[in-house]
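Below you'll find the structure, written out as structure tokens, and then a few comments.
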Amino acid sequence: MKYVSTRDTAAHPNEVSAAQAIKEGLAHDKGLYMPVEIPTLTKEGILSLAQQPYFERAAAVLSMFLTDYDAKKLLSDCKKAYSETRFPGGAAPLVPIGENLYALELWHGPTCAFKDMALQIMPRLLSSALSMTGEKRRAHILVATSGDTGKAALEGYKDVPGVDITVFFPVDGVSPMQKLQMVTQTGSNVNVCAVRGNFDDTQSGVKRIFADASLAQRAEDRGFFFSSANSINWGRLAPQIVYYISAYCDLMNRGEITYGDKINICVPTGNFGNIFAAYIAREMGLPIAKMICASNANCVLTDFIRTGVYDRTREFYKTMSPSMDILISSNLERLLYLLGGPEITRDCMEKLVCDGKYTAPASVMEKIHNVLEGYYCTEAETAQVIRDTFYSGGYLADPHTSVGIGCAKQYIAASGDHTKTVLASTASPYKFAKDVCTSLGTTPPGESPREILETLSSISKTPIPAPLAATLSLPVRFQTVIDAKDMANFIFDR
Ligand SMILES: *Cc1c(COP(=O)(O)O)cnc(C)c1O
């Protein structure tokens with residue numbers, strides 16, 4: 001399987017191996033790597049996956065895309081990544097939470113957020129890619145985080161051979177729990193630093209480092225190169241295809257559906273990575289009818305799906321589902337490429353940079369309307385869903401997942417479509433405990449992570465997840481706070 005850039009308009013596009021695509025992350029023309037074709041899942045294939053545990057399903061699906069990787073190594077890496085120690089109780093359990101509605105809980109990993117599903121395996125894929133491509137330099141992963149990605153990347157990359165990682169977070173832009181999770185990180189190849197300013201300042205700082213040729217040369221001289229862990233990298237997207245296929249298998253195994261029955265999927269969306277993985281599963285032949293793209297008050301995707309106009313020039317809202325507070329959903333580029341080809345993609349992406357908006361051609365929107373439905377929840381609606389889901393449905397959902405539940409319900413009310421729906425449940429409610437408590441009508445007695453977690457535990461009568469409980473008593477390792485202009489020095493002066 002070869003990979004090409006979404007913006008490569010040449011008659012014979014430049015093709016790279018999966019290992020190269022994963023090592024490079026972004027293509028040289030700033031496009032995203034995509035497989036040249038989507039492999040097919042046959043009926044026999046799905047029936048056979050249904051007999052396997054999660055890690056075997058993951059290795060089987062990844063081998064279809066990463067054909068240059070050694071299948072045995074993939075299997076042993078998946079076995080380690082999705083082990084019972086890392087995902088107690090299973091990697092992606094499916095929990096019924098209402099009539100024809102199932103939560104696919106993707107947050108039972110070491111950081112209690114769905115990003116663990118990809119970031120537990122991606123570092124191993126990168127490590128293999130370095131040796132497969134004969135790379136002598138070390139990879140230095142740079143992350144700017146508004147909370148969840150940084151911790152999940154630290155946990156995934158810690159102590160991985162050939163790789164170092166530095167995570168920058170905005171000093172006042174993450175929750176107390178998220179901060180504690182990062183500053184107590186263990187591992188010999190990790191570094192964490194707070195940056196004065198907001199998330200944009202931190203993110204721009206990281207982008208400047210990536211774009212600076214003289215810094216790249218300085219790194220080269222020291223025997224390393226910069227690499228990224230975010231969902232523009234195919235190595236992060238591919239592992240996310242697995243859990244939709246896995247959910248379908250689990251529904252078959254429980255007799256809820258038989259092979260061939262269509263299901264709907266609903267995904268709380270930010271960067272469009274998670275929902276795009278579901279789209280790929282559908283293209284592979286998984287019987288998915290509709291996909292509901294759920295947004296919060298930053299409803300740029302809802303508007304796009306409804307009108308065909310993608311317009312990022314709008315007010316930005318800070319919400320209680322911060323991982324979805326995004327105005328540029330990078331992976332939408334991959335969908336444009338699949339539906340419209342590289343010329344249209346390049347054109348739209350250039351307009352997005354110059355004008356802050358673009359209009360997708362009618363031919364592309366027609367294909368989008370066959371599959372995607374766009375809905376959003378305001379903050380008040382999200383709080384209401386958290387309350388109703390807990391007090392009427394008995395299920396404690398985090399704000400991101402609650403946006404998904406609210407949107408799935410809006411879709412059902414509008415369409416009358418009662419197809420069984422799998423909802424991606426993307427974070428433990430304990431990661432956003434303060435907002436969950438407030439939405440349930442209780443204000444925690446203090447601001448410390450311990451007080452907040454204990455309050456949620458006592459209202460909901462559910463246990464604090466073990467990884468978060470453990471974090472409360474770990475020593476703080478990282479206390480540096482710098483200005484954004486000093487970020488490069490922080491890396492090189494280590
Ligand atoms: C990252 C994240 C999302 C959004 O996923 P995308 O792949 O960026 O669309 C949703 N919920 C949570 C909790 C997340 O951490």
Side-chain angles (χ1 to χ4, degrees), residues 32 103-120 122 143-156 169 174-175 177-178 181-182 199 203 228-244 265-281 291-302 304-305 319-335 372 374 376-377 382 386 397-407 423-433 435-436 465 468:
L32 310 186
L104 177 59
E105 292 185 344
L106 303 171
W107 41 264
H108 292 283
T111 78
C112 300
F114 102 92
K115 294 190 169 61
D116 288 331
M117 296 300 297
L119 283 164
Q120 283 297 304
M122 182 187 177
V143 182
T145 185
S146 55
D148 280 357
T149 305
K151 177 61 184 180
L154 286 164
E155 249 338 285
F169 68 88
V174 301
S175 79
M177 187 67 222
Q178 288 174 321
Q181 279 188 297
M182 289 189 275
F199 175 61
Q203 168 133 305
S228 146
N230 76 25
S231 65
I232 55 173
N233 192 311
W234 181 252
R236 199 162 136 196
L237 240 152
Q240 301 185 15
I241 302 166
V242 179
Y243 41 74
Y244 296 106
I265 302 271
C266 176
V267 187
T269 296
N271 219 2
F272 208 77
N274 203 5
I275 193 167
F276 184 72
Y279 186 82
I280 299 266
M291 305 197 333
I292 302 147
C293 176
S295 301
N296 63 23
N298 295 293
C299 57
V300 62
L301 285 166
T302 317
F304 171 68
I305 293 168
T319 73
M320 60 174 138
S321 45
S323 301
M324 296 156 68
D325 290 346
I326 286 178
L327 292 181
I328 301 183
S329 297
S330 314
N331 279 295
L332 187 61
E333 173 166 358
R334 287 189 157 108
L335 185 67
L372 276 180
Y376 75 98
C377 286
T382 307
I386 293 175
D398 100 287
H400 304 76
T401 307
S402 298
V403 166
I405 296 172
C407 291
L423 164 82
S425 175
T426 51
S428 158
Y430 282 89
K431 274 212 88 165
F432 301 94
D435 285 321
V436 174
L468 298 183

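Counting starts at 1 for both ligands and their atoms, following the listed order. Treat the numbers as computed from the prediction; the structure is a model and nothing was measured.
- What you find for Ala278 and Ile265 is that their closest heavy atoms are CB-CG2, 4.2 Å.
- Inspection of the Asn233 and Arg236 side chains reveals no N or O donor paired with an N or O acceptor under 3.5 Å.
- Evaluation of the side-chain contact (heavy atoms from CB on, under 4.5 Å) rule for Ser175 yields Met177, Gln178 as partners, not counting sequence neighbours.
- In this structure, His400 and Phe432 have tilted ring planes: the angle between them lies in the 30° to 60° band.
- Rounding to the nearest 0.5 angstrom, the gap separating the OH atom in Tyr430 from the CG atom in Leu468 is 9.5 Å.
- In this structure, the separation between NZ on Lys151 and OG1 on Thr111 is 7.5 Å, given to the nearest 0.5 Å.
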For ligand 1, what N or O to protein N or O distances fall under 3.5 Å?
from	atom 1	to	atom 2	distance (Å)
ligand 1	7 (O)	Gly273	N	3.2
ligand 1	7 (O)	Asn274	N	2.9
ligand 1	8 (O)	Asn271	N	2.7
ligand 1	9 (O)	Gly270	N	2.8
ligand 1	9 (O)	Asn271	N	3.1
ligand 1	9 (O)	Phe272	N	3.0
ligand 1	11 (N)	Thr426	OG1	2.9
ligand 1	15 (O)	Lys115	NZ	2.5
ligand 1	15 (O)	Asp148	OD2	3.0
ligand 1	15 (O)	Ser323	OG	3.4

